[in-house]
Every structure is written in structure tokens, then in C-alpha cells.
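So that the names make sense, note that chain A is the first sequence line, chain B the second, and so on, each numbered from 1.
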Number of protein chains: 2
Amino acid sequence: MTHSSDEPLTVPMCSVFRRFLKGQGLKFTPERARILDSVLSKLGVFEADELLTEMRQEGRRVSKATIYRTLKHLLEAKIITEVLIDPKQTHYQLSVGHEPKGYLVCVETQKIIEVDAPELEAIRDRICREHGFEPASYRLVIYGVSPEAAAQGHDQEA
Amino acid sequence: MTHSSDEPLTVPMCSVFRRFLKGQGLKFTPERARILDSVLSKLGVFEADELLTEMRQEGRRVSKATIYRTLKHLLEAKIITEVLIDPKQTHYQLSVGHEPKGYLVCVETQKIIEVDAPELEAIRDRICREHGFEPASYRLVIYGVSPEAAAQGHDQEA
DNA sequence: CTTGCTGCAAAAGTTTTGCACACGT
DNA sequence: ACGTGTGCAAAACTTTTGCAGCAAG
């Protein structure tokens with residue numbers, strides 16, 4: 001195994017981003033490095049504000065504006081992907097390593113579980129072929145009630 | 001054929017909503033009737049603001065606030081479903097009749113194509129079973145480049 | 001050095017809410 | 001009549017942007 005854990009990705013990803021920025025005539029600043037670093041530490045989906053808070057707690061100072069601006073570049077560099085599961089806020093996730101295709105969203109607790117569903121690829125390909133689409137990314141989102149929420153009796157019946 | 005075209009749904013849906021409201025001690029107002037009517041006329045996904053604009057053009061006066069408030073009730077009544085495909089705005093769609101499970105979103109033109117994918121049900125069930133989830137709704141969203149956009153040469157390669 | 005970048009605060013956009021009055025049941 | 005609804009405008013909240021000074025290439 002050449003690079004199976006989580007650490008080794010950081011360095012190459014940094015190069016990827018740097019190369020992307022250079023290609024666009026943009027600069028690789030410490031702020032961008034720090035943001036990329038925080039993003040790479042994320043295992044699942046995350047929000048812009050979450051990054052801001054965590055970075056502040058760790059003393060890695062950045063402004064809200066810079067976070068949003070950098071997230072945009074990371075999207076363009078295809079290092080992260082948008083995950084739209086919440087109408088109030090955009091979620092992101094790393095595109096590399098694992099790109100889980102399925103999300104179980106508990107409508108009671110808002111908790112998000114990421115799951116794998118290899119069969120989706122075939123469906124995606126079939127649909128895209130039928131419509132002449134060139135697929136970029138995809139996801140299956142399932143909303144429902146988690147066992148925890150059901151157990152806690154989030155009552156809905158009067 | 002008892003109710004195969006699109007018209008007949010309106011009346012029962014009206015009853016469904018009315019019954020739902022009554023069950024919650026809520027009222028069936030003309031505004032809510034008008035909004036439901038506009039919603040039922042939608043074949044695909046729609047946005048809150050779209051409803052507002054269209055209803056105003058047709059002289060069916062409603063306030064933004066009432067639209068949003070009513071959409072919430074329609075969601076609770078399970079008459080409509082949220083479709084989260086755009087980070088800037090929530091989309092909705094009718095839950096009844098056809099609930100397309102798949103969406104092809106063109107990242108160039110923003111156009112949304114709704115597609116069917118019956119195989120998804122089995123996947124949903126499997127995932128939910130594995131996690132003890134009680135599914136409510138689900139969807140597959142595929143982002144990519146539509147043939148039209150590709151043809152128009154939305155160039156990305158320098 | 002030149003050009004882009006940061007932080008701040010204000011702006012923009014969608015969705016929510018407080019209030020006074022009006023209406024469905 | 002009571003309790004809910006409506007419209008309006010302001011508030012709330014996420015995301016974007018203008019600007020003055022600063023830093024990367």
C-alpha cells in the first residue's frame with residue numbers, strides 16, 4: 001500500500017491546489033494554505049461557518065470572506081464538491097479519497113450519515129447515456145427517521 | 001379511467017390539504033387555496049419566488065410571507081417535497097402523481113431534467129434497512145454537462 | 001514592483017418573524 | 001366570538017462585494 005491512510009493526501013493536495021492557482025494567475029497565500037489544511041482534515045461533509053469557527057478556535061485566523069472566496073477556488077480546482085442537503089446552508093466535502101454517494105439525512109435530528117452505494121454508478125451511467133449528459137458528480141440523498149430519533153419518540157401523532 | 005389525466009388531482013388534493021389543515025386546527029383560507037392551485041399547476045420543480053411572481057401576474061394576490069408559510073404547511077402535509085439542487089434557493093416539487101427520483105442538473109445552463117430511476121427504490125431500501133432508517137423521501141442528483149451546453153462549446157480548456 | 005489578497009463592514013439574496021388588522025370555523 | 005391568517009416591513013441568516021492597506025510572485 002503506497003498511500004492508504006489519511007496523511008499522505010495532504011501534501012499532494014497542496015500541490016494540486018498550488019498548481020491550480022498558478023495556472024489561474026492566482027496566489028498561494030498562507031490563508032489559503034490554512035483553509036485547505038482545515039478542509040483536508042474533514043472526514044465528512046462540512047459547512048463554511050464550521051470551518052470559520054474551528055479555525056478561529058485553533059487560532060488560525062481567517063475572515064469569513066476569505067473562507068468563502070477560497071471555497072470557491074477549491075470547488076473550481078475540483079478539490080471539494082458541493083453537497084446540497086440542507087436548504088439553509090451549503091455543505092461541502094472533499095472530492096478525493098472517498099466520495100460517498102449516499103447520504104441518509106435524519107429529518108428529526110438533522111444528522112447526516114454517509115453511505116456507500118456502488119450500484120449508483122451504473123444507474124448514473126445509464127441515465128447520462130440516455131440523455132447525452134457528461135456526468136461530473138452525483139449523489140443519492142435519502143431523508144427519513146433515524147433509529148435514534150424513532151427511539152426517542154419524536155412524537156408526531158397527537 | 002377514474003383519474004388518469006392531470007386535472008382530477010386538483011380536487012382530491014384540495015381535500016387532502018383541507019383535511020390536513022383541519023386536523024392541525026388550521027384554516028383553509030382563499031390564499032392557501034390559491035397557492036395550492038398554483039403549486040398543482042407546476043409540472044416540475046419550482047421556487048417560492050416563482051410562485052409569487054406568477055401569482056401576481058395572474059392577479060392572484062398573495063404576500064411573500066404567506067407563500068413561505070403555506071409552502072411549509074404543504075411540506076408537512078406531504079403534498080410537496082423539497083428538492084435541494086441549488087445552493088442559493090430551495091426548490092420544491094409535487095409529491096403526488098409522479099415523484100421523479102432522479103435529476104440531471106446541467107452545471108453550464110442550470111437546466112434541470114427530471115428522470116425516472118425505478119432501480120433506486122431497491123437501493124434506498126437496502127441502505128435504510130442496513131441503518132435502521134425509516135425512509136421518507138429520496139432523490140438522486142447528477143451534475144454534469146448537457147449535450148446542448150457541450151455543443152455550444154462552453155469551453156473550459158484554455 | 002505589480003497584481004492579486006485579506007479583513008472589515010456593508011450589501012445582497014432568500015427565508016422568517018412581529019404586529020395590527022381581517023377572516024374562517 | 002375566538003383563534004388563526006394575512007400583509008407589510010423589518011429582522012435574521014448565509015453568502016457576496018467594495019475598499020484600503022498588505023503580501024506573494
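Contact annotation: A:Tyr68 reaches the phosphate of D:dT15 (side-chain N/O to OP1 or OP2, under 4.0 Å). For B:Arg32, no side-chain nitrogen or oxygen approaches OP1 or OP2 of C:dG24 to under 4.0 Å. Considering only side-chain N and O atoms, B:Thr29 lies under 4.0 angstrom from the phosphate OP1 or OP2 of D:dT6. Distances shorter than 4.0 Å separate some side-chain N or O of B:Thr90 from OP1 or OP2 on C:dT15. Here B:Lys72 does not reach the OP1 or OP2 of C:dT15: none of its side-chain N or O atoms lies under 4.0 Å away. Close to D:dG7, at under 4.0 Å from its OP1 or OP2, lies a side-chain N or O of B:Thr66.
Using a 4.0 Å heavy-atom distance criterion, A:Lys22 is classed as making no nucleic acid contact. The residue B:Pro87 sits apart from the nucleic acid: no heavy atom pair falls under 4.0 Å.
Rounded to a whole Å, the CD atom of B:Glu31 is 8 Å from the P atom of C:dG24. The distance from atom CG of B:Leu71 to atom P of C:dT15 is 9 Å, rounded to the nearest whole Å. In this structure, the OH atom of A:Tyr92 is 13 Å from the P atom of D:dT14, given to the nearest Å. One interatomic measurement links the two molecules: CG of B:Leu74 to P of D:dG5, which rounds to 13 Å at whole-angstrom precision. Nucleotide D:dG25 holds its C1' atom 18 Å from the CZ atom of A:Arg19, rounded to whole Å. Counting to the nearest Å, the P atom of D:dT6 and the CE atom of B:Met55 are 11 Å from each other. With rounding to whole Å, A:Gln89 atom CD is found 5 Å from D:dT15 atom P. Atom CD of A:Glu82 is separated from atom C1' of D:dT15 by 12 Å (rounded to the nearest Å).
Summary of the strand contacts: B:Ala65 and B:Pro30 both lie near DNA chain C, and taking for each the nucleotide with the nearest heavy atom, the more 5' one is attributed to B:Ala65. Residue-to-nucleotide proximity on DNA chain C shows that, of B:Arg69 and B:His91, the 5′-proximal contact is made by B:His91.
Residues B:Arg19 and B:Val16 form a side-chain contact, since some pair of their non-hydrogen atoms from C-beta on lies under 4.5 Å apart. Contact annotation: the side chain of B:Ser38 never approaches that of B:Glu54 to less than 4.5 Å [non-hydrogen atoms, C-beta and beyond].
Using a cutoff of 4.0 Å between basic side-chain nitrogens and carboxylate oxygens, B:Arg126 and B:Glu130 are scored as salt-bridged.
Nearest nucleotide to the side chain of A:Lys27, out of C:dT3, C:dT25, D:dT14: C:dT3. Of the candidates D:dT15, D:dG5, D:dC8, the closest approach to any side-chain atom of B:Arg56 belongs to D:dC8. The side chain of B:Ser63 lies closest to D:dC8, out of D:dT4, C:dT3, D:dC8.
Using cut-offs of 30° and 60° on the angle between ring planes, the pair A:Phe17 and A:Phe28 is perpendicular.
Between the A:Ser146 side chain and the B:Phe133 main chain, no donor and acceptor come within less than 3.5 Å of each other. Under a 3.5 Å cut-off, the side chain of B:Glu114 and the backbone N or O of B:Val45 do form a donor-acceptor pair. Not a single donor-acceptor pair under 3.5 Å links the side chain of A:Arg139 to the backbone N or O of A:Tyr103. Of the possible polar contacts, one joining the A:Arg34 side chain to the A:Arg61 backbone as a donor-acceptor pair under 3.5 Å is found.
For C:dG24, the base has no donor-acceptor partner in the side chain of B:Arg18 [N/O atoms by modelled type, under 3.5 angstrom]. The base of D:dG7 has none of its N or O atoms less than 3.5 Å from a complementary donor or acceptor on the side chain of B:Lys64. Applying the 3.5 Å distance criterion, the base of C:dT14 shares no donor-acceptor pair with the side chain of A:Lys88.
In the hydrophobic clustering of ILVMFWY residues, with side-chain heavy atoms under 4.5 Å counting as a link, A:Leu94 and A:Leu52 come out together.
The rotation axes computed at either terminus of the helix from C:dC1-D:dG25 to C:dT25-D:dA1 lie 40° apart, taking five pairs at each end and rounding to 10 degrees.
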